[in-house]
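We're numbering straight along the sequence, starting at 1.
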Amino acid sequence: MERLGLARSDSRIHFAQILGMVDNLTSALGLAGYNASKLVVFGEMREVLPWLLRRVEENKDAFGAQASELEVLRRELYRRLRRRS
């Protein structure tokens, strides 16, 4: 976007992800000033589950990347809890 001269908050560009899938990326985009949203899936389980399972399969690489951040999250949580005592 920068190379194309587009502002991070350009109303023509939006990033959206399914709630619960790579939430850290959506958060980082939003904090950096990009238009970032989460998609909340609703409906009967028998209707939405096949769709969600397809999305999980398509995004399995992203879940692996998120798992690598688990230790970072664990350390941050420990740091914050320790600070309260």
| request: To the nearest 0.5 angstrom, please state how far the CE atom of Met1 sits from the OH atom of Tyr34. | output: 6.0 Å
| What's the shortest heavy-atom distance between Thr26 and Ala36, and which atoms? | O-CB, 3.7 Å
| Pairs where residues 10-21 contributes a residue and the test salt bridge (Lys or Arg N to Asp or Glu O under 4.0 Å) is met, not counting sequence neighbours | Asp10-Arg12
| Residues sharing Leu31's hydrophobic cluster, by side-chain heavy-atom contacts under 4.5 Å among ILVMFWY, directly or via others? | none
| task | Output all residues satisfying side-chain contact (heavy atoms from CB on, under 4.5 Å) with Arg54, sequence neighbours left out; order by chain, then residue number. | result | Pro50, Trp51
| query | Tell me, which pairs form a salt bridge (Lys or Arg N to Asp or Glu O under 4.0 Å) where one or both residues lie in residues 29-41, sequence neighbours left out? | reply | Asp23-Lys38
| query | What residues form a side-chain contact (heavy atoms from CB on, under 4.5 Å) with Arg46, not counting sequence neighbours? | reply | Glu44
| message | Same cluster or not: Leu39 versus Phe42, using hydrophobic residues (I, L, V, M, F, W, Y) connected whenever any side-chain heavy atoms lie under 4.5 Å apart? | response | no
| field | Partner set under salt bridge (charged side-chain N to carboxylate O under 4.0 Å, His left out) for Glu58, not counting sequence neighbours | value | Arg55
| request: Enter the distance from Gln17:CD to Leu29:CG here, rounded to the nearest 0.5 Å. | output: 7.0 Å
| task | Look up atom CG in Leu6 and atom OG in Ser11, then write down how far apart they are to the nearest 0.5 Å. | result | 10.5 Å
| request: Could you work out the complete set of other residues in the hydrophobic cluster of Leu19, with links drawn between I, L, V, M, F, W and Y side chains under 4.5 Å apart? | output: Val40
